[in-house]
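Only this structure's heavy atoms are used, side chains among them; waters, hydrogens and symmetry mates stay out. Just so you know, these numbers come straight off a predicted model, no measurement behind them.
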Amino acid sequence: HTDAEFAKGTQFGQRIAHGLLGLSIAVGLLMRTGVLEGTVMAFREIIEWKFIKPVFIGDSIHAEMEVKEMKAMPRVGGGLAMIAMEVKNQKNESLMRGTLAVLVASK
């Protein structure tokens with residue numbers, strides 16, 4: 001991922017960002033939407049996650065999210081939110097997608 005000379009000989013022909021770095025950035029972007037800011041109590045689980053295409057050095061990525069399900073969890077003072085996410089690049093190509101579970105505070 002970091003050696004440009006080595007990366008020239010790979011199937012991608014250039015350096016790529018590590019997949020988990022892309023996931024980490026995507027979760028950060030999710031929080032910046034403001035929908036979950038200040039309400040997330042814990043990141044609980046990655047239900048599924050698919051790495052479809054690489055994130056290249058210099059790509060601009062954005063994340064699209066949809067809350068698929070909410071489940072009340074009174075004993076923790078909140079609930080479980082199931083969030084479907086898709087990460088795309090500047091060409092609107094899907095790079096990765098999956099479902100995350102987060103614990104959110106209730107009112």
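For Q90, the side-chain contact (heavy atoms from CB on, under 4.5 Å) partners at least two apart in sequence or on another chain are D59, S60. Among residues two or more places apart in sequence or in another chain, the salt bridge (charged side-chain N to carboxylate O under 4.0 Å, His left out) test is passed with E69 by none. With sequence neighbours excluded, the residues that form a salt bridge (charged side-chain N to carboxylate O under 4.0 Å, His left out) with E93 are K53. The side-chain hydrogen bond (donor to acceptor under 3.5 Å, both in side chains) check on E5 picks up K8, with sequence neighbours excluded. Residues satisfying the side-chain hydrogen bond (donor to acceptor under 3.5 Å, both in side chains) test with E66, not counting sequence neighbours, are none.
Side-chain atoms of S106 come within 3.5 Å of backbone atoms of G77 as a donor-acceptor pair (strictly under, hydrogens ignored).
Among residue pairs with one or both ends in residues 14-29, none qualify as salt bridge (charged side-chain N to carboxylate O under 4.0 Å, His left out); sequence neighbours excluded. Applying the salt bridge (charged side-chain N to carboxylate O under 4.0 Å, His left out) rule to pairs touching residues 38-49 yields nothing, sequence neighbours excluded. Every pair passing salt bridge (charged side-chain N to carboxylate O under 4.0 Å, His left out) that includes a residue from residues 94-104 is listed here, sequence neighbours excluded: E86-R97.
Under the 4.5 Å side-chain criterion, counting only non-hydrogen atoms from C-beta, I16 is in contact with H1. Looking only at side-chain heavy atoms (C-beta outward), L100 and I46 come within less than 4.5 Å of each other.
Cluster note: M41 groups with I47, M73, V76, L80, M82, L103 through ILVMFWY side-chain heavy atoms spaced under 4.5 Å, whether in direct contact or through intervening members.
V40 is connected to M85 through a chain of hydrophobic side-chain contacts under 4.5 Å among Ile, Leu, Val, Met, Phe, Trp and Tyr, so both are in one cluster. In terms of hydrophobic clustering, with Ile, Leu, Val, Met, Phe, Trp and Tyr side chains grouped at heavy-atom distances under 4.5 Å, V87 and F56 are assigned to different clusters. Linking Ile, Leu, Val, Met, Phe, Trp and Tyr whenever their side-chain heavy atoms come within less than 4.5 Å leaves I57 and I52 in two separate clusters.
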Pairs under 3.5 angstrom only: tabulate donor-acceptor contacts from the side chains of residues 18-36 to other protein residues two or more places apart or in another chain.
residue : atom : partner : partner atom : Å
H18     : ND1  : L20     : N            : 3.1
T33     : OG1  : L30     : O            : 2.8
T33     : OG1  : V35     : N            : 3.2

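Of the inter-residue distances, the one linking S94 atom OG with E64 atom CD reads 8.5 Å to the nearest 0.5 angstrom. The distance from atom CD1 of I83 to atom CZ of F43, rounded to the nearest 0.5 Å, is 9.0 Å.
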